[in-house]
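Here's the structure, in structure tokens; my notes come after.
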Number of protein chains: 2
Amino acid sequence: MAEKSAGQRRRTRSDWAAAALRALAEGGVAAVAVEPVAASLGATKGSVYWHFPNREALLTAALELWETEHTEAVIELLEPIAEPLAKLRTLFSAVLEDTDNRVLLALLASAEDPVVAPVLGRVTERRIGYLATLFGELGWTPTQSRRRAVLAYAAYVGQAQLMRSSPKMLPANKVGRRAYLDDALHALGVPPASKG
Amino acid sequence: MAEKSAGQRRRTRSDWAAAALRALAEGGVAAVAVEPVAASLGATKGSVYWHFPNREALLTAALELWETEHTEAVIELLEPIAEPLAKLRTLFSAVLEDTDNRVLLALLASAEDPVVAPVLGRVTERRIGYLATLFGELGWTPTQSRRRAVLAYAAYVGQAQLMRSSPKMLPANKVGRRAYLDDALHALGVPPASKG
DNA sequence: ACACCTCCGTACGGTCCCGTATGGAACTGA
DNA sequence: TCAGTTCCATACGGGACCGTACGGAGGTGT
């Protein structure tokens, strides 16, 4: 067995960005600290400070990585789906199932951070804009679509928070989640999917 | 002019709890640190450590203060209103106007913190429960009321997040907020208020 | 084999915070 | 007024992290 994370000889900038993103997901922005991240790769600060001028640059690299690979992931997930209605359904069900929100929650927790703020702003804007186009394809006026999109994304974000802080408030089993999802989509003006 | 925050001679435990809560609102859980809070009252650590055994106790005191005075505030705000519909409207409009969410956002940002978690859990549970009763009074079944309450609170929380991270996404003027609020309430199954 | 550049470990000083120890000021009551 | 209690400032040691300095090991080309 070749050594993987430990004992590795040389690391690239991408390795550090990935490690920083991992730390971000697990411990929040504060966990993206030079020494702990270095230790997570079995290295020391000397290595980090060769690839990055300072801690902020390391954090920025992690955020860039997340922003790009995450938008790609969403596109790849929804692109093959034709119906905007099915897209919305898939999108919303992801919140109830997925655990990917870790990074998003970490960023929301540090929304004031000057390094985080612009990234969070761009992602939020992009997502709401995308939701608005979906609602537009469903026949809503631009103004209505916009409002629905903001409301839907607010519910999305709040949902992610509740999953972490008060999971007991949410439906536990699959049937309950399905019913909750149907109800939420219906409330937002999206009729339930025809069974089949 | 009598000295107020500076030059004060003796502080009580309540003074420290209030100062800690202030720090929590302004800088998050991390800002509830012994030395900075002491400095905010023109004192030193020595005083803090006389009233509290450690930092955690100071944070707990701040959270207790918030939990009690905040639930009182909500009760005082909604108690005089008779109609459950008007209560909901008042409740939701508070998010779009108020800036009180600072503490809530700080707590959500540190939801994993073992000191924060139980407080956040209790408050969340209480609020959703209260929302559910309101929806119940509007004629929804218990199951539907529960789902609507969770959805409404998720939207509430997400809304608070958006106000901080992406205020540009939300309606800026009063008219826009009113329209957005109407739309949101309507989506949740609450008909718009009759004008007058 | 040699110099060279890339990458990294170690050591150091600095900041901010926690928590403890201790002496002394400020108030209290008799 | 004076002893006792309450409250607080100062000083100290420890830990986590940042950033810098520097030397040395690892690869690379010739």
Side-chain angles (χ1 to χ4, degrees), chain A residues 2-63 106 109-110 112-116, chain B residues 2-63 106 109-110 112-116:
Chain A
E3 47 266 355
K4 312 177 63 174
S5 54
Q8 193 172 347
R9 277 297 154 227
R10 282 168 115 82
R11 291 126 189 130
T12 165
R13 188 189 154 95
S14 298
D15 292 334
W16 286 116
L21 181 55
R22 234 173 293 137
L24 174 63
E26 292 172 8
V29 171
V32 185
V34 174
E35 284 157 327
V37 170
S40 78
L41 287 189
T44 62
K45 319 192 305 186
S47 178
V48 179
Y49 279 105
W50 192 90
H51 294 279
F52 302 91
N54 49 33
R55 191 211 105 140
E56 181 178 320
L58 179 63
L59 176 58
T60 301
L63 294 179
S110 301
E112 322 251 40
D113 188 305
V115 181
V116 171
Chain B
E3 48 264 356
K4 311 176 64 176
S5 55
Q8 192 172 349
R9 277 296 153 229
R10 283 167 114 84
R11 291 117 188 139
T12 166
R13 188 188 155 97
S14 297
D15 292 335
W16 286 116
L21 181 56
R22 233 172 294 137
L24 174 64
E26 292 172 7
V29 171
V32 185
V34 175
E35 284 158 327
V37 171
S40 78
L41 286 190
T44 63
K45 320 193 305 186
S47 178
V48 179
Y49 280 105
W50 192 89
H51 294 278
F52 303 90
N54 50 33
R55 191 212 105 140
E56 182 179 321
L58 179 62
L59 176 58
T60 301
L63 294 179
S110 301
E112 322 252 38
D113 188 306
V115 180
V116 171

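Every chain is numbered from 1 and lettered A, B, ... according to where its sequence line falls, protein lines coming before strand lines.
- Side-chain proximity of A:T44 to C:dC18, D:dA9, C:dG9: nearest is C:dG9.
- With rounding to whole Å, B:W16 atom CH2 is found 19 Å from D:dT6 atom P.
- Applying the salt bridge (charged side-chain N to carboxylate O under 4.0 Å, His left out) definition to pairs two or more places apart or across chains, those involving residues 28-39 of chain B are B:E35-B:K45.
- If A:G46 and A:V32 are placed on DNA chain D by their nearest nucleotide, the residue sitting closer to the 5' end is A:V32.
- Heavy-atom minimum distance, B:R11 versus B:G42: NH2-O, 3.4 Å.
- For the residue pair A:A106 and A:G28, the shortest heavy atom distance occurs at CB-CA, 3.9 Å.
- Checking D:dC18, C:dG9, C:dC17 against every side-chain atom of A:A43, the shortest atom distance belongs to C:dG9.
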Extract from the structure each pairing of a protein N or O with an N or O of nucleotides 11-16 of chain D at less than 3.5 Å, listing the distance.
none

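- Within residues 20-30 of chain A, no residue is approached by DNA chain C to less than 4.0 Å at the level of any non-hydrogen atom.
- In terms of heavy-atom proximity, A:F52 sits nearest to A:A61 at CE2-CB, 3.6 Å.
- Residues B:A20 and B:V32 come closest through the heavy atom pair O-CG2, 3.7 Å.
- Distance B:Y49 OH to C:dC18 P: 5 Å, rounded to the nearest Å.
- One finds no side-chain N or O of A:R10 lying less than 4.0 angstrom from the OP1 or OP2 phosphate oxygen of D:dG26.
- A donor-acceptor pair under 3.5 Å is absent between the side-chain atoms of A:H51 and the main chain of A:D15, judged by distance alone.
- Here A:S47 pairs with A:W16 under the side-chain hydrogen bond (donor to acceptor under 3.5 Å, both in side chains) rule; sequence neighbours left out.
- If you check residues 50-63 of chain B against DNA chain D, the residues with a heavy atom closer than 4.0 Å are B:W50, B:H51, listed by number.
- Computed from coordinates, the A:D15 CG to C:dC8 C1' distance equals 14 Å when rounded to whole Å.
- Each side-chain hydrogen bond (donor to acceptor under 3.5 Å, both in side chains) pair with one or both residues in residues 53-62 of chain A, not counting sequence neighbours, would appear here, but there are none.
- Side-chain contact between A:V48 and A:V37 is absent, with no heavy atoms from C-beta onward closer than 4.5 Å.
- Among all heavy-atom pairs drawn from A:P53 and A:A57, the shortest one is CD-CB, 3.5 Å.
- Within the 4.5 Å cutoff, the side chain of B:L63 has heavy atoms near those of the B:L24 side chain.
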